[in-house]
Protein chains: 2
Amino acid sequence: MSHTLGIRQAQKQKTRQAFLDAALALLEEQSLSSLGLREVTRAVGVAPTAFYRHFRSTADLGVALVDEALGSLHPMVRTTVSTTGDSEERITRAVELIARHVEAYPAHVRFIARERHGGVQPVREAIRSQLVRFAEEVKAELAKDPEAAGWSDDDLLMLAHLYVDQMLITASLFLETLEAPREERERVTQLATRQLRLISIGRSHWRD
Amino acid sequence: MSHTLGIRQAQKQKTRQAFLDAALALLEEQSLSSLGLREVTRAVGVAPTAFYRHFRSTADLGVALVDEALGSLHPMVRTTVSTTGDSEERITRAVELIARHVEAYPAHVRFIARERHGGVQPVREAIRSQLVRFAEEVKAELAKDPEAAGWSDDDLLMLAHLYVDQMLITASLFLETLEAPREERERVTQLATRQLRLISIGRSHWRD
DNA sequence: TCATCCAGTTAACAACTGTTCTCTGGAATT
DNA sequence: AATTCCAGAGAACAGTTGTTAACTGGATGA
């Protein structure tokens, strides 16, 4: 059910996407709070005033970038944590999936890591609410596991947050090794795997 | 052995500290990469050119702030992780210490959390190297514990990094609840405590 | 006491910023 | 075919930015 957009709407979405792409590129070497409106329009090749047709401010643009970077990631997270295979299998699968994602969308990952605690409040809030959603989804998957028998809701959510934070830490570690020899990337893989393994062990002995 | 500084050097250090304080205050609502030199001098109440007598650039100032925020924290971390009391006792002690520190130096903590993945490379590097030092120190303390028998150096460092990252996550959580009712702060305390407990359980079953 | 030093000042520079108002030309609607 | 709509352009605004050069006056060391 794809409703064909008019020529006008299509062009508008195209320029809007150009804004997002240009901003993301510029944000590899600075923070959102120093990103200028004119800077972005210059990179897109458009008049400064055109910016206002799409965004109220650079903060607004930032919120849109959060949606682009995290919005489409929810199904992926769900299926990754889903209960197929044994613990060790799931861990290596998760770490590899993070590595692939960082390689495929480095700018998105960098943006999220940078602005999660960055200087623009609405963007921080947008990221925070997405991460809370992730944690809730992970919790829902964890609850399906037979190992979760006897776990309180609070404890499940606690573990889910631990996993989500660990995911972000691992992603930003991979980011740093993007231009490093694969020996370094292997080291990060091993580290993240063992950290997840330790958490997994703690999980299986929690009820004691 | 305190060598009395001349009037001149004393004044210089005083204004330098005024720069650091003013910058830290301004950085509560923005990132370092958007902090202007004139903005800082205006806040200090001094001519723009005076800035160059102390720092080459705002990035340089940022590195100095990293030292101020983390440099004096090493002994505290050492004694916190040190092996006195049982596991549960150490955990509650650590969480409370983090809470106190965030309350006492919120701006420092915010600065570190913000600029750890921020847009200024030299500052990121400075923070990274300090965190590596923390991890090494935590590792050294962990090694003293009888529970560390049979642990490889790599595994000890892996656990140490897990603790350091967890420390930062907890600190930034407390930061968000600074102006919230103490009910919220209590919730964060409980969450952080249980996460550390789970890690601790994983640690004690690691050798299996 | 006198010459040196140097933290902070003053003035000026070209370049840049966000935002407003007015205009245009092609798509969309009637 | 005639009218409305609206994404983007153009020009102008008052303020801001980092950096340079030449200066002042009080602390410093001979």
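So that the names make sense, note that chain A is the first sequence line, chain B the second, and so on, each numbered from 1.
- Remark on DNA chain D: of its neighbouring residues A:Arg16 and B:Arg38, the 5'-side contact belongs to A:Arg16, judged by nearest-heavy-atom nucleotide.
- Rounded to an integer number of Å, the gap from CD of A:Glu39 to C1' of C:dC16 is 11 Å.
- Classification of the A:Tyr105-A:His108 ring pair by plane angle, with boundaries at 30° and 60°, yields perpendicular.
- Atoms CZ (B:Phe51) and C1' (D:dT17) sit 13 Å apart, rounded to a whole Å.
- Candidate nucleotides C:dT9, C:dT19, D:dG8 were compared by shortest atom distance to the side chain of B:Val46, and C:dT9 ranks first.
- Classification of A:Arg116 and A:Asp165 as a salt-bridged pair holds, one side-chain N sitting under 4.0 Å from a carboxylate O.
- The CG atom of B:Leu61 sits 12 Å away from the P atom of D:dG18 (whole-angstrom rounding).
- At the phosphate of C:dT17, OP1 or OP2 sits under 4.0 Å from a side-chain N or O atom of A:Arg42.
- Under 4.0 Å is where a charged nitrogen must lie from a carboxylate oxygen, and between A:Lys139 and A:Glu136 no such pair does.
- Taking atom OH of A:Tyr52 as the reference point, atom C1' of D:dA9 lies 15 Å away to the nearest angstrom.
- Atom-to-atom, NZ of B:Lys14 to P of C:dG8 comes out at 11 Å; the value is rounded to the nearest Å.
- Aromatic ring orientation, B:Phe134 versus B:His74: parallel (interplanar angle below 30°, classes split at 30° and 60°).
- For the pair B:Leu37 CG and D:dT20 P, the interatomic distance rounds to 11 Å; values are reported in whole Å.
- A donor-acceptor pair under 3.5 Å links the side-chain atoms of B:Thr15 to the main chain of B:Gln11, judged by distance alone.
- Across the protein-nucleic acid pair, A:Phe19 atom CZ and D:dA7 atom C1' stand 10 Å apart, rounded to whole Å.
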Summary of protein contacts for nucleotides 21-30 of chain D, nucleotide by nucleotide, where a base hit scores B, a sugar-phosphate-only hit scores S (4.0 Å, heavy atoms): B----BBS--
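- How far CD of B:Gln9 is from CD of B:Gln13: 7.0 Å, rounded to the nearest 0.5 Å.
- What separates CD of B:Gln30 from C1' of D:dT17 is a distance of 13 Å, to the nearest Å.
- For D:dG8, one of the phosphate oxygens OP1 or OP2 lies less than 4.0 angstrom from a side-chain nitrogen or oxygen of A:Thr15.
- In this structure, the side chain of B:Thr193 engages the main chain of B:Thr189 through a donor-acceptor pair within 3.5 Å.
- In the set C:dG8, D:dT19, D:dG8, the nucleotide with an atom closest to the side chain of A:Ala50 is D:dG8.
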